[in-house]
Amino acid sequence: MEIASKYDPSKTEEKWYSYWMENGFFKSVPDEREPYTIVIPPPNVTGVLHMGHMLNNTIQDILVRRARMLGKNACWVPGTDHASIATEAKVVNKLREEGIDKHSLTRDGFLEHAWEWTDKHGGIILEQLKKLGASCDWDRTCFTMDEVRSEGVIKSFVDLYKKGHIYRGIRMVNWDPKAKTAVSDEEVIYKEVKSKLYYIRYQVDGEPGQYVTIATTRPETILGDTAVCVNPNDDRFKHLAGKRVLVPLINRSIPVIQDEYVDMEFGTGCLKITPAHDINDYEIGMRHNLESIDILNDDGTLSEKAEIFIGEDRFEVRKKIEKSLDEAGNLAKVEDYTNKVGFSERTDEVIEPKLSTQWFLRMSELAKPALDAVMNDEVKFHPAKFKNLYRHWMENVKDWCISRQLWWGHRIPVYYLADGTFVVAESDAEALAEARKASGNATLSMNDLKQDEDVLDTWASSWLWPITVFDGFNPDKNEVDYYYPTNDLVTGHDIIFFWVARMIMAGYEFKGTYPFKNVYFTGMVRDKQGRKMSKSLGNSPEPLDLIKNFGADGVRVGMLLCSPAGGDLRFDESLPEQGRNFANKMWNAFRLVKSWDVDNSIEQPESAALAIEWFGNRLQKEMAVIADHFDKYRVSDALMSVYTLFWDEFSSWFLEVIKPAYQKPVDGKTYHAAIDFLEDLMHLIHPFMPFITEEVWHHLKERKEGESLMVSPMPALKSFDESLLKQFELVKEAIVNVRTVRKERNVAMRDTLELKVLKGDDGYVERFNPVVQKLVNLDGITSVEEKVEGAVSFFVKSSEFFVPMESAINIEEELEKLEKELQYTEGFLNGVMKKLGNERFVAGAPEKVVAIEKQKQADAEAKIAALKESIARLK
RNA sequence: GGGCACUUAGCUCAGUUGGUUCAGAGCAUCUGGUUUACACCCAGAGGGUCAGCGGUUCGAAUCCGUUAGUGCCCA
């Protein structure tokens, strides 16, 4: 068989993915097996794959593939999210480029364009996930705006409304004038910007020549002022109590009020109050019964209420009003100033605090069970440090503004009657019936009802995702009862509030239990310098290029190598490169074994039998370690385990022992053992590197059509002999020492050596002599009763090994080596004795720990004696 | 300003709940190496006051206090 010396992923990945698909291995239908379920964090339908997705989906695929191989009915549900604001913004831009203004279209007309866009761009990202090897049940692909998911959203809205959790209210919202919608607090990003602080003089009403000066960063908002406020404790302004002042330029008379909110130290100590455009002013306004004058239109231009500059953009007005104020003599001074300004996460537009009528979801009751669930680990967070953050947010949770002034999304199922009253219903027909009942007017028709124009926040569909992907709002509960609650959720910690917390709330509210048992938070993928990867910085590698260069397996390994749970990870191309190298290592180990001629008639060398015995145990031990890592969601540790198991233990130790001499055949027993071990290893590595393991697995033995590693069971955990493993470590130590002797003495590997051992209490395992002999090319190993002259020596524990040398031994060097070791061992013994001499240690420490110390003492004493003797002899 | 994390080798990080193998891994560096599986490799080596200080304990990277720096969240 011709097998290339370098593994080429491009030749296998496509092939196996198609094979898996054709055989339906990703599919899941409810059966009698235990389910294992993951729902994908749905990526934005029109988005493209980025490094965060790569990490996230690699981890999910590892968990799903492992569960599948452990015999569970594994179901990974893929899908996409309609992303209201982002998608609508993209469609609006596209239309604009075509010369079409969104507002010239009807709602239905616009939605047609939006669906067209979605159909065209939607799902690209899912196709990209296939390249990564994602084993999703693609037949289950969901979209947050498809029929089933939409139904769930509407039903949940009506349900929550009927339970009294949803209300309509006037609130100060974060207004995005570009998207013309309200965004949540979490979607506002505060950035430090250089701006100016304007000092503006207001004339005291009826007292020409008398002024008060306020400081503001937003001079255009003075047109909406309804008061000036001072601290009641501020002596400087006591004389203003009860007076009124005139808003510059428009000369509106407003009161001077007193409130302790005002910081006497800041600015002039005198604050303008604009309740419609500042959240703090709004609260003061509420306390003092002030009027709110909203001077802004939805698009950020000034409204008629502003009286001047009507229809001009807020930032234009800022420039113009500075000039006007100056000319009118109201501008005292302007200072440079740095402050934090909120920007929309979606459109990067400066957010305007704005009074607006919105739909809200009351959170306090929903939050209670969701908070408890996480605090008592009914839902487990990995890493647990996110519990604190979660608790803090949940204990201070604010009502959720669920309406968005957009068209792309789930239209709010609220229907208004002519008199302004409204009904809430799942469909037009039900709404009409409700309306007739409520109004007592049986002649009402749909024409008399007007459905709310707004849509729901995208998260109002995402939070139902673990339920709606299984059609959980419908009477047929077959699917949802089987798969829900799901097992694991893998997501970025940046959406712990947007999504994770809300899914948990929805789970308890609509299903009476948690939506997932475990949440694995991934970190953010950053570049080498620790910067967030972003399009504008151009510091993100193209994921598909990485796959092309290093193979999907290599990239998967690379993602995991730098990704402890929850910690940010610094990505660098050396990581997938390391993954690729590992794939190549596997390939060559397999190639080596496969290249041997097998001769069933020759006897198995003892060294090989011993190596097989050892590695069998070694494998079992590591399998237990790996299982433990997975139990604790230490996925990158699990990878490191298989990595060293394969590379160091299997390739560097096991294969080197059993390797037949050049151009000699291998015996059948050893060959089959090696093949079986390789097969076990392929199972263990498969979840991490599905493609190469499948390829190798098919080469190992004759496989039938339709067989696959991905659906064959993981090897079962068996007990192992720990003492044997310890013994082998001592054997390795002896081997390493002989290798060092060879190197230091420049003895080539082809020249055989002799090894003599003066056996101590520990350190020499005679049984494994054939292994030592094989690996360091010895004539033989013999036990001796006394020290050997003319030899280089070393210790393993208290056993002393001698390598006789034909050339003269450098006494000075040997002495130096021995003295050094003696010094170290004496220091070591000293420490041990200190402990043992301490009565409180002997009395207080567990018996086991004391016994260990005593053993250390005995070992060290024996070794010191031997060392001293050797030194004396050399001298 | 309030809260929460974090600080371990040149770099990225483990360190599983105070006790053999506790000071580790991978990468990087350095020294050797054409022993036919792999140079995408092999055999070795160096490198750390576990941020500083103080405490608890027989025993601390691990627990407590404090200082400094970094990051995140909230205002």
Side-chain angles (χ1 to χ4, degrees), chain A residues 3-7 185-186 190 279-280 340 383-393 395-396 398 493-494 496-497 523-524 526 528-530 550-551 554 557-558 561-572 574-575 577-596 625 628-629 631-634 636-637 639-641 643-644 647-648 651-652 655-656 659 661-663 726 729 735-736 739-740 742-744 746 748-751 775-777 831-832 834-846 848-856 859:
Chain A
I3 308 174
S5 75
K6 281 199 170 35
Y7 172 67
D185 289 348
E186 287 81 11
Y190 289 90
I279 181 68
N280 297 309
K340 285 198 169 171
K385 68 178 179 185
F386 288 108
K387 281 168 77 175
N388 268 336
L389 186 64
Y390 179 84
R391 187 185 60 213
H392 188 255
W393 191 76
E395 282 174 351
N396 299 285
K398 285 182 228 143
H493 63 72
D494 53 331
I496 184 169
F497 310 129
M524 301 289 101
R526 294 172 183 279
K528 219 178 165 181
Q529 289 135 52
F550 303 108
V557 168
L561 281 173
C562 57
S563 62
D568 284 354
L569 54 107
R570 294 183 184 220
F571 185 82
D572 182 81
S574 71
L575 296 164
E577 189 183 323
Q578 200 185 331
R580 177 202 63 183
N581 294 352
F582 183 43
N584 199 52
K585 183 72 190 179
M586 287 167 58
W587 185 248
N588 276 290
F590 145 72
R591 213 162 62 92
L592 171 69
V593 175
K594 264 316 218 194
S595 72
W596 294 333
V625 169
D628 184 53
H629 282 322
D631 285 348
K632 290 167 180 156
Y633 288 82
R634 283 198 263 263
S636 33
D637 287 350
L639 171 65
M640 218 54 224
S641 266
Y643 186 92
T644 53
W647 202 309
D648 298 343
S651 301
S652 297
L655 287 181
E656 290 302 327
K659 200 189 226 174
Y662 182 49
Q663 286 190 332
K726 277 187 183 151
E729 291 309 304
I735 291 166
V736 167
R739 278 176 179 162
T740 305
R742 274 190 183 279
K743 198 172 171 181
E744 282 174 353
N746 263 322
M749 190 57 188
R750 69 182 89 85
D751 301 327
L775 283 185
V776 286
N777 195 19
V832 174
K834 235 184 194 167
K835 268 192 191 174
L836 286 169
N838 186 332
E839 267 177 48
R840 282 193 290 182
F841 170 73
V842 179
K848 195 179 142 202
V849 176
V850 178
I852 287 163
E853 291 303 314
K854 285 194 171 148
Q855 185 57 51
K856 276 155 100 179
D859 287 351

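Per chain, numbering begins at 1; letters A, B, ... match sequence-line order.
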| field | Minimum-distance nucleotide to A/Asn588 side chain [options: B/C38, B/A43, B/C41] | value | B/C38
| Between A/Lys6 (NZ) and B/C41 (P), how many Å, whole number? | 9 Å
| query | For the pair made of CG in A/Leu775 and C1' in B/U35, what is the distance, rounded to whole Å? | reply |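 The distance from CG of A/Leu775 to C1' of B/U35 comes to 13 Å, rounded to the nearest Å.
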Any [X] side-chain nitrogen or oxygen under 4.0 Å from OP1 or OP2 of [N]:
X	N	value
A/Arg739	B/G44	yes
A/Lys585	B/C42	yes
A/Asn581	B/C41	yes

| query | Considering every strand shown, what is the Watson-Crick or G-U wobble mate of B/U70 when both distances are under 3.5 Å? | reply |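 Matched B/U70 with B/A5 under the 3.5 Å cut-off.
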| field | Per-nucleotide protein contact string for nucleotides 21-32 of chain B (B base, S sugar-phosphate only, - none; heavy atom under 4.0 Å) | value | S---SSS---B-
| So, A/Glu656 and A/Lys659, do they make that salt bridge, N to O below 4.0 Å? | yes
| request: Report the relative orientation of the aromatic rings in A/Phe582 and A/Tyr643; use parallel for angles under 30°, tilted for 30 to 60°, perpendicular for over 60°. | output: tilted
| said: According to a cutoff of under 5.5 Å between the ring centres and under 30° between the ring planes, does A/Tyr662 stack with the base of B/U36? | reply: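 Stack criterion met.
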| task | Provide the closest heavy-atom pair for A/Leu655 versus A/Ala589 in the form atom of the first, atom of the second, distance. | result | CD1-CB, 3.8 Å
